[in-house]
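All values below come from the heavy atoms of this structure, side chains included, with hydrogens, waters and symmetry mates left out.
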Amino acid sequence: MIKYTEEQIINLDKYYKHPRNLVDLFEDSVVSWPDRNAIGTKNPQTKQIEWITYRKLAERINNTRAGLHKLGLGKGDALGVIVGNSVEWFILENAAHGLGAVFVPMYEKELQRTWQYIIKDSAIKFLFVKDDAILEKVKIFKNDIETLKDIYVIYGGGENYLQAIEEIGKKNPHKSEKPNWYDAAELIYTSGTTGDPKGVLLSHGSLTACSRTGRKIFPTLDENAISLAILPWAHSYGLSAELHNFLQFGGAIGLMESVDKLAEDLQLVQPSFLIAVPKIFNKIYDGIQMAMAEKGGATKLLFNLAVAEATKCRNKNTKSFLLKILDKIVFSKIRAKFGGKVTGVFTASAVMNPQIAMFFADIGIPTYDAYGLTETAPAITMNSPLYGNKYGSVGKAIDDMHVVIDKSQVGPDSDDGEILAYGAHVMMGYHNKPEQTAQIMTKDTWKGFPGIHTGDRGRLDAEGFLFITGRFKDEYKLSNGKYVHPESIETDIKLVHNIANAFVWGDNKAHNIAVIVPNLETIKRDEKIAMWAKGTPEEIVQNKNIQEYLIEAITKRLRKSYGGYEIPQKFIFTAEDFTLENGLLTQTMKLKRARVQEAYKEQIEKLYQE
């Protein structure tokens with residue numbers, strides 16, 4: 001699609017209510033809550049959070065926008081950044097939007113050739129990088145990318161630094177321009193599991209509609225809400241669910257220093273609501289269970305008693321007297337680890353294990369699973385206090401979004417099929433990729449809104465809750481003709497205690513195999529196998545006793561939910577996790593399946609030959 005037609009603009013205009021561009025979305029909040037905290041950054045010296053108010057943030061945006069205007073940034077141009085979540089990230093985004101420019105965020109931890117591809121493909125005019133170290137890596141790009149006029153450094157002082165642009169803008173004011181809902185706002189590149197990244201073009205209307213709808217179904221979120229930014233804003237999930245969402249209602253966002261500082265930052269920021277992924281809570285749950293096992297005695301007894309009583313009270317309107325006492329003694333201490341004020345968690349990217357989700361709900365931290373894609377800005381369905389919260393599902397289609405289950409690939413008698421998503425959040429298209437845009441867009445519309453083929457497999461229950469059952473792209477067939485969806489098997493394997501990561505494969509083979517990354521930290525603390533955890537990491541994972549123990553635990557878990565043909569019959573154990581650094585994960589922590597298969601090709605073939 002890329003550009004909306006005149007007919008679409010006329011027909012869809014009524015659905016995009018004010019504020020329907022990201023400039024108004026923020027400026028309205030500045031008027032309503034000028035002196036409230038907006039974004040907080042940890043001071044590296046004092047280790048305290050320092051906040052910038054909406055008023056001060058707006059001043060810096062105004063100065064930056066005016067400075068960029070003086071440089072020649074205008075409507076339709078592209079401004080790119082290579083920096084993590086920060087005050088300056090948002091300043092540059094909103095300043096670019098206020099000139100009608102498209103914002104192109106990139107990750108700090110990225111391959112140099114990927115930066116180069118994105119900068120060239122998106123025709124970035126001005127590029128802002130975090131520091132001189134990144135500048136050294138990208139300055140050569142000016143030699144072969146004609147559209148790249150200049151590169152500026154965000155932190156530091158000098159002529160080609162953000163600070164200088166703000167000073168120029170302060171002396172040459174320029175009012176914000178208000179884009180139309182159908183104007184392009186953001187070009188977000190999906191790292192992809194194969195091939196070049198695809199630039200997803202999202203309009204102001206798509207992004208504002210997504211954040212505004214999300215807020216409506218979480219009525220307790222208001223100007224008193226505080227979040228801790230764990231996820232990158234360069235991805236549409238963190239962008240819409242947190243950044244644009246919280247800043248539209250006067251909320252505050254504290255910035256996490258790093259993953260290893262998460263526990264410390266939770267105490268500093270004391271968030272009331274979190275935007276996260278299930279993986280984080282899986283690890284926390286595992287840690288809680290291990291800590292209780294290690295402490296033993298009265299502590300473990302009280303914990304088990306509290307869990308049992310909470311389970312009994314799940315479907316009751318009020319807590320029992322015993323649970324109220326145990327909550328103060330046991331659960332309040334767990335909540336304190338989150339800062340003591342968290343009332344809920346929004347989760348996406350994978351489905352939260354229902355058992356873990358119910359545990360956190362029992363202790364007073366309910367989680368709400370959602371589903372979406374970068375191509376839908378990203379929200380399609382959500383669980384919420386307003387819609388209901390059905391564990392195991394990813395919720396109901398939200399306002400102005402519509403889900404259809406297409407059974408053309410699986411047959412009319414199937415319970416599931418491909419998820420088609422239509423509505424106000426659907427992207428404009430893939431930048432410079434008309435064929436791939438045509439492939440993903442549906443031929444029909446819903447209420448005039450475009451739709452996309454998600455490639456995901458799912459089913460809708462009688463109440464309209466969506467359940468994800470697999471991904472067609474990753475589906476393969478064993479030599480016996482049975483189809484396998486490896487992602488769901490991998491998810492269950494990763495929920496086994498002492499397992500950090502997993503990859504399942506068996507395309508056209510007699511059975512599945514699995515590459516397993518054990519969790520060395522938990523293994524060394526597990527009294528059942530710790531005695532064998534000696535030597536180097538590789539020596540530990542190759543220990544036959546540890547392998548047999550883990551294989552038995554994996555098989556036992558999978559037998560509860562999968563047919564015998566789906567359960568891996570042979571295993572490869574490795575101490576090296578799948579990471580961004582070794583090229584086996586995307587920026588959104590998804591497996592690059594082809595890369596993993598290639599990395600373990602010889603070991604996989606050897607297993608099948610045995």
Side-chain angles (χ1 to χ4, degrees), residues 1-5 8 76 78 80 102-107 110-111 113-124 145 147 182-203 205-207 210 234-237 239-240 349 371-380 401-404 406 408-409 417-446 449-458 470-476 487 583 585-588 590-595:
M1 185 171 72
I2 297 300
K3 288 186 74 173
Y4 290 93
T5 65
Q8 283 177 311
V102 177
F103 186 69
V104 187
M106 287 169 276
Y107 298 94
E110 189 58 273
L111 296 173
R113 67 172 180 268
T114 302
W115 286 335
Q116 186 173 16
Y117 175 85
I118 292 172
I119 292 164
K120 188 171 185 176
D121 184 66
S122 61
I124 285 173
I145 301 177
T147 55
Y182 46 83
D183 287 332
E186 218 96 355
L187 188 52
I188 297 178
Y189 280 80
T190 59
S191 45
T193 53
T194 58
D196 291 327
K198 295 194 292 286
V200 177
L201 194 62
L202 297 169
S203 69
S206 294
L207 288 163
C210 184
H235 186 263
S236 62
Y237 176 32
L239 182 71
S240 290
S349 89
Y371 168 69
L373 308 171
T374 301
E375 290 85 348
T376 53
I380 298 172
M401 291 297 291
H402 180 59
V403 169
V404 170
D406 176 16
S408 61
Q409 294 185 59
E418 186 185 11
I419 301 166
L420 307 184
Y422 303 78
H425 306 174
V426 173
M427 67 172 180
M428 300 171 76
Y430 292 128
H431 184 63
N432 288 340
K433 287 184 166 47
E435 289 183 7
Q436 288 173 286
T437 299
Q439 286 172 2
I440 195 171
M441 305 299 278
T442 60
K443 290 182 171 57
D444 62 338
T445 61
W446 173 75
F449 287 114
I452 63 165
H453 294 269
T454 68
D456 291 324
R457 190 166 179 166
R471 181 156 177 76
F472 280 102
K473 179 182 175 182
D474 298 327
E475 178 186 73
Y476 58 80
E487 277 193 339
L585 289 183
T586 69
Q587 291 285 355
T588 54
K590 291 187 175 70
L591 271 180
K592 291 186 176 181
R593 309 193 69 82
R595 296 260 183 100

Can you see which heavy atom on [X] is nearest to which on [Y], and at what distance?
| X | Y | answer |
| --- | --- | --- |
| Tyr4 | Ser203 | OH-OG, 3.5 Å |
| Ala421 | Ile380 | CB-CD1, 3.7 Å |
| Pro105 | Leu187 | CD-O, 3.6 Å |
| Ala184 | Leu201 | CB-CD1, 3.8 Å |
| Ala123 | Thr147 | CA-OG1, 3.4 Å |
| Tyr422 | Phe449 | CD2-O, 4.2 Å |

Query - Verdict with supporting geometry, Leu585 and Leu591, side chain to side chain contact (heavy atoms under 4.5 Å, CB included) - result: CA-CA 5 Å; Leu585 289 183; Leu591 271 180; 4.0 Å; yes
Requested in this report: Tell me, with the steps shown, if Glu487 and Arg593 meet side chain to side chain contact (heavy atoms under 4.5 Å, CB included).
Outcome: CA-CA 10 Å; Glu487 277 193 339; Arg593 309 193 69 82; 4.0 Å; yes
Report yes or no: does [X] contribute a side-chain atom to a donor-acceptor pair with the main-chain N or O of [Y] at less than 3.5 Å?
| X | Y | result |
| --- | --- | --- |
| Thr374 | Ser236 | no |
| His425 | Ala379 | yes |
| Thr376 | Met427 | no |
| Asn432 | Asp121 | yes |

Report task. Take Glu375 and Tyr430 through the side chain to side chain donor-acceptor pair (under 3.5 Å) test and state the conclusion after the steps. Result -> CA-CA 9 Å; Glu375 290 85 348; Tyr430 292 128; 2.6 Å; yes
Find the distance between [atom1] ([X]) and [atom2] ([Y]) and round it off to the nearest 0.5 Å.
| X | Y | atom1 | atom2 | value |
| --- | --- | --- | --- | --- |
| Ile188 | Phe103 | CD1 | CZ | 9.5 Å |
| Lys443 | His453 | NZ | NE2 | 6.5 Å |
| Ile440 | Glu435 | CD1 | CD | 14.5 Å |
| Gln587 | Thr190 | CD | OG1 | 11.5 Å |
| Arg457 | Glu418 | CZ | CD | 10.5 Å |
| Met401 | Cys210 | CE | SG | 8.0 Å |

Between [Y] and [X], is there a side-chain heavy-atom distance shorter than 4.5 Å?
| X | Y | answer |
| --- | --- | --- |
| Leu239 | Leu207 | yes |
| Val200 | Leu373 | no |
| Tyr182 | Met428 | no |
| Met106 | Thr114 | no |

Query raised in the report: If you count the non-hydrogen atoms of other residues, nucleotides and ligands that lie under 6.0 Å from NZ in Lys120, is the total more than 12?
Result: no
Report task. Could you check Val404 against Trp446 for side chain to side chain contact (heavy atoms under 4.5 Å, CB included), going step by step and ending with a plain yes or no? Result -> CA-CA 10 Å; Val404 170; Trp446 173 75; over 6 Å; no
Report task. Could you please spell out the steps behind the side chain to side chain contact (heavy atoms under 4.5 Å, CB included) verdict for Lys592 and Thr586? Result -> CA-CA 6 Å; Lys592 291 186 176 181; Thr586 69; 3.9 Å; yes
